[in-house]
Amino acid sequence: MAQKNHDRGSTGTMPLVTESDRIRNVVVVGHSGAGKTTLIEALLAATGTVSRAGTVPDGTTVCDHDPAAVRQQRSVALTCAPLFHHDFKVNLLDTPGYPDFIGELRAGLRAADAALFVVCAADGMDAATAALWEECAALGMPRAVAVTRLDHPRADVDEAIALCQRVFGDDLQPLHLPMLADDGVQTAGLLDLLSRQVLDYSAGYPPQVRPPDLQHLPAITEARDELIEGIIAESEDETLLDRYLAGEQLDPKMLVDDLEAAVARGHFHPVLPVCAHTGVGLDALLWLLTAAFPAPVEHTLPAVTGLDGTPRPPLACDPAGPLVAEVVRTTVDRHLGRVSLVRVFSGTLRPDGRVHVAGHGLGERGHPDHDADERVGHVYSPLGAQLREVAYCVAGDICATTKSGNAETGDTISAAEEPLLVEPWEMPEPLLPVAVVARTRADEDAMARNLGRLVAGDPSLRLVRDAETQQLVLWCMGEAHADVVLDRLRAGGVEVDTEPVRVPLRETFTAPARGHGRQVKQSGGHGQYAVCDIEVTPLPEGSGFEFVDRVVGGAVPHHYIPSVEKGIRAQLAKGVVSGHPVVDLRVTLVDGKAHPVDSSDAAFQAAGALALRDAATKGRPALLEPVDEIAVRVPGSFVGAVLSDLAGRRGRVLGTAAADDVDDRTVIRAEVPATGLLRYAVELRSLTSGAGTFSRVFARYEPVLTP
């Protein structure tokens, strides 16, 4: 076991946190390439959590330990990296910036109490980051912005801050301004607006604190006035504004207290320039994480119910309260089995304790409802892939547990004697289908096992066995997500291939027709004899199949009539033209013949099928395809491009309307054949620079038409 822990990267024990108000849970978000993982690595090194900072190109960072992340040079999964600073434990949650992994991002938002947005000083931000800011605003989540990569040749900190204010709103204010070196290019320090001091990093990290030079005073004064006015606007002291306007020099300590309260309430959003490579701003960012961001006791916790859905009193972040925790991520380790990343909302999670693991409400996503009592194994503080054992985990903290046989992402862990359910977070809908097939028969069992593990750990992944096409379809968030899933399958020793996704089509009749079926065979001994005549009538879309018996005079014996219907139904399932099921018609049995010796159930089944095939030669059969109704959400500037693209997919636009919850967003409703939506998740993202999203629901089947 010691060897297994070593392979996993376990580094022994960790300092124990006993008070919830000494914990900070911060999710780090931003577009891919903004520098989130590198910034976290620098913070870990600055606090002595790691001996030296790793790099993304070398694949040596704490957070990007997944082989897929190392290969792709970007984060593909949620990772927890805790650090200690001035007796505070800060759980930094690194999230992928690529839109395909939004499921990991949503899990990080659920586990955190505040969000740090990372914006590159050279590349700005993407539309997905702006949309995420709006989502956090709707949740009332405290937010701050770190402008990174100050050492990039194209870095423009002032423009990046101005961009953040334009996109995120006027309640963003910088706490520091960059101070350029003598070359006028590199950032050598920061101008602290509250203290009116210079943080000089010319000699490295930590900085030297000194008074500002004369040339810095005008910039400090102007920016400081704007910052103080923003803080005063959020202050609960109604006399503060009058005192400030009267020229009183406000106590910086009082301003800091008001700033911290405003940030914690989610009403004020500071901006900090930070450079991971030079150390500029790391100390200011650590102060912000510990002093300004809220403790878990200040954050509203999700609602809870009993297993039967009965509402329960709101949770409190109390280590002595009832145990309620949630699995925010699940992975499978080859030595330790299932490893669950857990956010404890209430109570204290202890090793060897008896708990109840419950998951409800995700049956349509391939996660059937389940309940089980389990014994917790060890409790760990995770640092990337490393697991450091702790004695327990109090309310507000994040930990990892191992060897659970039932826990899946999104499950609730509660006291066995009082099982509860946490209200689930919103799961993104996967919209890119990928059909997978095992390369050999020997791979089929291994593929089934590995797919079960992947689905258990990734709620944004849906696994469907199509009953009509017999394809095993993985519904993913996009191509990058699909690549990671397939790589993880192959890493588990499974050889898999992909094949084109087949859309289940239908056939129907477009005109009435008569059909004659004759099954007569004599080959010595007992023969076959059955004759039936049918009339086929098309029915409205969605009517299904009707069978009517209008035989008179016993032309077809009563006990053979069900045989005719059975044969017709079997032929309907096989199709009459292209091998697709036939729908929406009425078949009326009007006449037939039987033989007292040679007629049989099998003969009349065959005659019924022959009669339907005969009618198909006269009933003008048509091929039907599924049509979905979609709702596309895009910024107004992309509406024209999306409408033109939908026309090329044989789509019918039903209407457009302004989005209710977001400015400058338009919702386009349209009906599009499902064959035109197979790769729409990828193509819409490309068309709208990542700003467009859509949802889809099945509408009906319609005749296949060419563009």
Verify salt bridge (Lys or Arg N to Asp or Glu O under 4.0 Å) between R375 and D352, making sure each step is shown before the conclusion. CA-CA 6 Å; R375 185 170 297 280; D352 297 323; 5.9 Å; no

Mark yes or no: R462 above the aromatic ring of W475, with NZ or CZ under 6.0 Å from the six-membered ring centre and no more than 45 degrees from the axis.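 Output yes; distance and angle both within limits.
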
Would R74 pass as a cation-pi partner of Y98, given that its NZ or CZ must be under 6.0 Å from the six-membered ring centre and within 45 degrees of the axis?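 That pair qualifies as a cation-pi contact.
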
Out of D411, V422, V344, which one pairs with E326 under the side-chain contact (heavy atoms from CB on, under 4.5 Å) rule? V422

Under a 4.5 Å cut-off applied to non-hydrogen side-chain atoms, are [X] and [Y] in contact?
{"X": "I413", "Y": "V327", "result": "yes"}
{"X": "P82", "Y": "L383", "result": "yes"}
{"X": "T402", "Y": "L387", "result": "yes"}
{"X": "C136", "Y": "L109", "result": "yes"}

Can you confirm whether the side chains of S404 and E374 place a donor and an acceptor under 3.5 Å from each other? yes

Where D100 and A480 come nearest, the two heavy atoms and their spacing: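 Residues D100 and A480, closest heavy atoms: OD2-N, 2.7 Å.
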
Working to the nearest 0.5 angstrom, can you tell me the gap between L431 CG and C476 SG?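 L431 atom CG to C476 atom SG measures 11.0 Å (nearest 0.5 Å).
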
Steps toward salt bridge (Lys or Arg N to Asp or Glu O under 4.0 Å) verdict (R343, D397): CA-CA 6 Å; R343 164 68 192 264; D397 205 353; over 6 Å; no

Can you tell me how the ring of H481 sits relative to the ring of F101, calling it parallel under 30°, perpendicular over 60° and tilted otherwise?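 It falls in the perpendicular class, over 60°.
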
Going by an N to O cut-off under 4.0 Å, is there a salt bridge joining [X] and [Y]?
{"X": "E135", "Y": "R106", "result": "yes"}
{"X": "R24", "Y": "D113", "result": "no"}
{"X": "R354", "Y": "E417", "result": "no"}

Given H360, which of D369, D371, T305 fulfils the side chain to side chain donor-acceptor pair (under 3.5 Å) condition? D371

Is there a side-chain contact (heavy atoms from CB on, under 4.5 Å) between L289 and L83 once you walk through the steps? CA-CA 11 Å; L289 296 176; L83 58 83; 5.7 Å; no

Main chain of A295, side chain of R22: is a donor-acceptor contact present, judged purely on distance under 3.5 Å?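 No, the answer is negative, given that no donor and acceptor are paired below the 3.5 Å cut-off.
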
May I have all residue pairs that pass side chain to side chain donor-acceptor pair (under 3.5 Å) and include part of residues 313-325, sequence neighbours excluded? none

